[in-house]
Structures are given as C-alpha cells and as structure tokens.
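One structure is given here, and the rest of the page talks about it.
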Amino acid sequence: MKPLSWYTELAEARKRREYGFFLMEGKRAVEQIKTAAPGGIDEILVTEQLLSECKGFACPVRVVTDRQFKTISTSKTPQGIAAVVRIPEGSYEDGLPKQTGDRLLLLEGVQDPGNVGTLIRTAAAFDYSGVVLSGECADPFSPKAVQASAGSIMSVWIRRTGHYLGLT
C-alpha cells in the first residue's frame, strides 16, 4: 500500500512524470474517466461515505478518512472521491500518434492551467482528436488543468512538446 504522501506528491509536475500518474478528483470527473479510459485508472481513493459510488471499477479501491482525503486533495472543497490515473503513453513526446485524427487543437504558451484544462474540455466537446501543447504551456496533468477539464482529459490524445511551435 502506498503511503499517503505518495498521492500528495502527484501535485508536483516532476513527481507526476516520474511516477507516470496524476490525480483526478470529484465524482463526475471520475465517472467521465471510467467511461473514456477505464483501463487508465490505477486506483480509486474514497471516503467511507462515498464507498457505494465505487461499484463497477476494475481497480483497487482504497478507503481513507475525511481528514486523510483533505490532505491528499488539492481542491478547496474535496468531494471525497479521486482516481489515480495513468498518464497516457507519449503525452510528453514530440512526435504525433500514428492515428492523429481529423481535428487538432494547437496551444502555444497558454500558461494558466485552468485555461489549458478548459481548452482540452472544449476540444473534446467539439470532437477533436488531439491537443498539442508547446513547452511554454501549463502541464495538462496538473491538478488545476485536470479539474478544469472536468474529466475529459482522457477523451483526446495529448502531446506536450518541449519545442516552440512557431505559430503565427
């Protein structure tokens, strides 16, 4: 069993990349991930009050106290349920996936994580296939970006390149 500090470390970009996971908080967002990428969920963290919400997950469920959940959560008002989600392979690579799809969103220098998450959510809503972010953009798997994506972060493929896109 992982120590609780492991989950709090997922708020740091360096640790997310090292471990290969990010935290998705909230009932609606966790349900969205369950639908979009059920195989990407590694573990569910839940308080006793919401344990009944964890039916149908094919991953371990860890029950934590309200106090422990507040320690793990980055939200001002934690909802008592979170998923530990695997960062999709290739998300931090320069190359595009083999199947890029028809519609891509390119983001250059969007530094606010809330805006990055909102743009990813919008791209998913308009049936875009993927989102390419320049290295100057906020990390799409940061807690704020993930929260703003409202669970749609796994509905599109993502590439965050270290290169300047040179868009005009």
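Under the salt bridge (charged side-chain N to carboxylate O under 4.0 Å, His left out) criterion, Arg62 pairs with no residue, sequence neighbours left out. Partners of Glu43 by salt bridge (charged side-chain N to carboxylate O under 4.0 Å, His left out), not counting sequence neighbours, listed by chain and number: Lys2. Evaluation of the ring-ring contact (aromatic ring centres under 6.0 Å, His included) rule for Tyr19 yields Trp6 as partners, not counting sequence neighbours. Among residues two or more places apart in sequence or in another chain, the salt bridge (charged side-chain N to carboxylate O under 4.0 Å, His left out) test is passed with Glu93 by none. Shown here are the side chain to side chain contact (heavy atoms under 4.5 Å, CB included) partners of Arg86, two or more places apart in sequence or in another chain: Phe21, Asp42. Here Phe22 pairs with Phe141 under the ring-ring contact (aromatic ring centres under 6.0 Å, His included) rule; sequence neighbours left out. By the side chain to side chain contact (heavy atoms under 4.5 Å, CB included) test, Cys59 pairs with Ile41, Ile44, Phe57, sequence neighbours left out. Partners of Arg159 according to the side chain to side chain donor-acceptor pair (under 3.5 Å) rule, which considers only residues two or more places apart in sequence or in another chain, do not exist here. Shown here are the salt bridge (charged side-chain N to carboxylate O under 4.0 Å, His left out) partners of Glu53, two or more places apart in sequence or in another chain: Lys27. Residues passing the side chain to side chain donor-acceptor pair (under 3.5 Å) test with Ser129, sequence neighbours excluded: none. Residues that satisfy the side chain to side chain donor-acceptor pair (under 3.5 Å) test with Ser52, not counting sequence neighbours, are absent from this structure. By the side chain to side chain donor-acceptor pair (under 3.5 Å) test, Thr71 pairs with no residue at all, sequence neighbours left out.
Under the 4.0 Å criterion applied to side-chain N and carboxylate O atoms, Arg103 and Asp127 are not assigned as salt-bridge partners. Contact check on Lys15 versus Glu18 returns a salt bridge, with a Lys/Arg side-chain nitrogen under 4.0 Å from an Asp/Glu carboxylate oxygen.
Between Leu23 and Val146, the closest side-chain pair of non-hydrogen atoms is not below 4.5 Å. The shortest distance between side-chain heavy atoms of Leu45 and Ile81 does not fall below 4.5 Å. In this structure, Val110 and Leu133 have side chains that are not in contact, with every pair of non-hydrogen atoms separated by 4.5 Å or more. Residues Leu105 and Val156 form no side-chain contact, since every pair of their non-hydrogen atoms from C-beta on lies 4.5 Å or further apart. At a threshold of 4.5 Å between non-hydrogen side-chain atoms, the residues Ser155 and Arg121 do not count as touching.
Distance alone, capped at 3.5 Å, places no donor-acceptor pair between the Thr100 side chain and the Leu96 backbone. No donor-acceptor pair under 3.5 Å is formed between the side chain of Ser91 and the backbone N or O of Ile87. Side-chain atoms of Trp157 do not come within 3.5 Å of backbone N or O of Pro97 as any donor-acceptor pair. Distance alone, capped at 3.5 Å, is enough to place a donor-acceptor pair between the Ser73 side chain and the Ser75 backbone. A donor-acceptor contact shorter than 3.5 Å links the side chain of Arg16 to the backbone of Ala11. A side-chain donor-acceptor contact under 3.5 Å links Arg160 to the backbone of Cys137.
Looking only at atom types and distance, the side chain of Glu25 has a donor-acceptor partner in the side chain of Thr74 under 3.5 Å away.
Other residues, nucleotides and ligands place no more than 12 heavy atoms under 6.0 Å from the CD atom of Gln99. Annotation for Gln49: atom CD counts as buried by contact number, over 12 foreign heavy atoms lying within 6.0 Å.
Both tests hold for Arg17 against Tyr92: distance to the six-membered ring centre under 6.0 Å, angle to the ring axis within 45°.
Here CG of Leu107 is found 12.5 Å from CD of Gln111. Values are rounded to the nearest 0.5 Å. Rounded to the nearest 0.5 Å, atoms OG (Ser152) and CD1 (Ile33) are 8.5 Å apart. One finds the OG1 atom of Thr118 at 10.0 Å from the NZ atom of Lys144 (value rounded to the nearest 0.5 Å).
Cluster annotation: Val63 is not connected to Tyr7 through the hydrophobic network of ILVMFWY side chains, with a link wherever side-chain heavy atoms come within less than 4.5 Å.
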